[in-house]
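Keep in mind the model is a prediction, meaning the values are calculated, not measured.
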Amino acid sequence: MTDKRLLKCAEFVSGGNIAVDVGTDHAYLPVYLVEEGISPAAIACDIKDGPLAAAKATVSASGLDEKISIVKSDGLDEVNLSGVSDVIIAGMGGEMIVSILERCEYLKSHKVNLVLQPMTKAHILRKYLFENGFFTKQECAVTSGSFCYTVINAEYSGEEISFDDFSLYVGKISNATDDDRKYLKNLSRRLETASLGMKVSSDKSLQADRFDDICRRIDKYLKGAEK
């Protein structure tokens, strides 16, 4: 597995017991986790037959049929979570990840370690986590090709987390690495573009002001890293 994005996800896996990879595609991540001794066993799940067939082929070729189960499931709906310590949901939109989390109360009652990698709408995912008692333990940016994403490591704490616009859009991304800074610069450009479009509409001027404020804070945050 050479995908930098998935390797970063693997860094946040606790390895306490079984790891579940939701939307596994070719099952590269579960195979990596077991082969590297990070997790003793894994479950690779997907809702589509094509990816499941590819996952089965990858697992069989690796000789890990006894350690990695292949499950057809919409999110975690059909997955037996007994003994699961880690759930990885990567490579899908933030809203889809929220939908999967909302349907699984087990994640709260058993405090499963979550590794979440939204491709889009990361702020929507963070908002759900903040408002529903999930504590973000760590978060970092990672580049994959010409794109830059965030990986969020969270766990249920039961306490609602207070947040502002900056934490909603930036989260716990630091300014320490090249990937972090690239993520923040890309985010600032997107918000600036959105703000310019909103300013032509009187009913969206307040949202534009909020985006401008986030951009100013990101700029200050980045300049602090360059000193």
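- Side-chain contact check for Lys182 and Thr143: no donor-acceptor pair (N or O, by modelled atom type) lies under 3.5 Å.
- In this structure, the side chain of Tyr106 engages the main chain of Leu81 through a donor-acceptor pair within 3.5 Å.
- Atom CD1 of Ile218 is separated from atom CD1 of Ile173 by 10.5 Å, given to the nearest 0.5 angstrom.
- Between Phe211 and Tyr169, the angle of the ring planes goes over 60°, which puts this pair in the perpendicular group of the 30/60° scheme.
- Nearest heavy atoms, Lys172 versus Thr136: NZ-O, 2.6 Å.
- By the criterion of side-chain heavy atoms lying less than 4.5 angstrom apart, applied directly or through intervening Ile, Leu, Val, Met, Phe, Trp or Tyr residues, Phe12 is not grouped with Leu116; the two fall into different hydrophobic clusters.
- Considering only residues two or more places apart in sequence or on other chains, Arg190 meets the side chain to side chain contact (heavy atoms under 4.5 Å, CB included) condition with Asn186, Leu187.
- Under the 3.5 Å distance criterion, the side-chain polar atoms of Asp86 are left unmatched by any main-chain donor or acceptor of Val20.
- Arg103 meets the salt bridge (Lys or Arg N to Asp or Glu O under 4.0 Å) test with Asp74, Asp77; sequence neighbours excluded.
- The shortest non-hydrogen separation linking Leu191 to Cys215 is CB-SG, 3.7 Å.
- Checking side-chain atoms of Ser157 against main-chain N and O of Phe134 turns up no donor-acceptor pair under 3.5 Å.
- The backbone N or O of Leu184 sits nowhere less than 3.5 Å from a side-chain atom of Ser188 that would complete a donor-acceptor pair.
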**Message:** Assess the residue pair Phe135 and Tyr156 against the criterion (ring pair (Phe, Tyr, Trp, His ring centres under 6.0 Å)); give the C-alpha distance rounded to whole Å, side-chain angles, the decisive distance to 0.1 Å, and a yes or no.
**Reply:** CA-CA 6 Å; Phe135 172 71; Tyr156 185 71; over 10 Å; no
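- Pairs of residues two or more places apart, or lying in two chains, never qualify as salt bridge (Lys or Arg N to Asp or Glu O under 4.0 Å) while including a residue from residues 57-67.
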Donor-acceptor contacts, no H, no angles, side chain residues 36-46, under 3.5 Å, sequence neighbours left out:
unit_1 : atom_1 : unit_2 : atom_2 : d
Asp46  : OD1    : Lys48  : N      : 3.2
Asp46  : OD2    : Thr24  : N      : 3.3
Asp46  : OD2    : Asp25  : N      : 3.1

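- Separating the OG atom in Ser62 from the CD atom in Glu35 is a distance of 4.5 Å, to the nearest 0.5 Å.
- Between Val59 and Ala27 the shortest heavy-atom distance is CG2-CB, 4.1 Å.
- Here Asp178 contributes atom CG and Arg181 contributes atom CZ; the two are 5.0 Å apart, rounded to the nearest 0.5 Å.
- When every heavy atom of Leu29 is checked against every heavy atom of Cys9, the shortest pair comes out as CD2-CB, 4.4 Å.
- The backbone N or O of Ala176 sits less than 3.5 Å from a side-chain atom of Ser174, completing a donor-acceptor pair.
- Residues Val84 and Val112 come closest through the heavy atom pair O-CG2, 4.0 Å.
- Pairs of residues two or more places apart, or lying in two chains, that qualify as salt bridge (Lys or Arg N to Asp or Glu O under 4.0 Å) and include a residue from residues 49-58 are Asp49-Lys72.
- Salt-bridge formation is not detected for the pair Arg210/Asp164: no Lys NZ or Arg NE/NH1/NH2 atom is positioned less than 4.0 Å from an Asp or Glu carboxylate oxygen.
- Under the 4.0 Å criterion applied to side-chain N and carboxylate O atoms, Asp219 and Arg216 are not assigned as salt-bridge partners.
- Residues Tyr183 and Tyr149 place their aromatic rings such that the two centres sit no closer than 6.0 Å.
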**Intermediate values then yes/no, salt bridge (charged side-chain N to carboxylate O under 4.0 Å, His left out), Lys4 and Asp179** = CA-CA 11 Å; Lys4 186 179 176 182; Asp179 283 357; 2.9 Å; yes
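- Residues Glu155 and Asn113 bring no donor and acceptor atom of their side chains to less than 3.5 Å of each other.
- Checked by atom type, the side-chain pair Asp180/Asn175 shows no donor-acceptor distance below 3.5 Å.
- A salt bridge (Lys or Arg N to Asp or Glu O under 4.0 Å) check over residues 117-133, counting only residues at least two apart or in different chains, returns the pairs Glu95-Lys121, Arg126-Glu139, Lys127-Glu131.
- Proximity of a side-chain donor or acceptor of Asn132 to a complementary backbone N or O of Tyr128 within less than 3.5 Å is detected.
- Nearest heavy-atom pair, Gly91 versus Met119, reported as atom, atom and distance to 0.1 Å: C-CG, 3.3 Å.
- Remark: Glu11 engages Lys8 in a salt bridge, criterion side-chain N to carboxylate O under 4.0 Å.
- Listed for the Ser167 side chain is no donor-acceptor partner under 3.5 Å among the backbone atoms of Phe163.
- Between the Asp212 side chain and the Leu196 main chain, no donor and acceptor come within less than 3.5 Å of each other.
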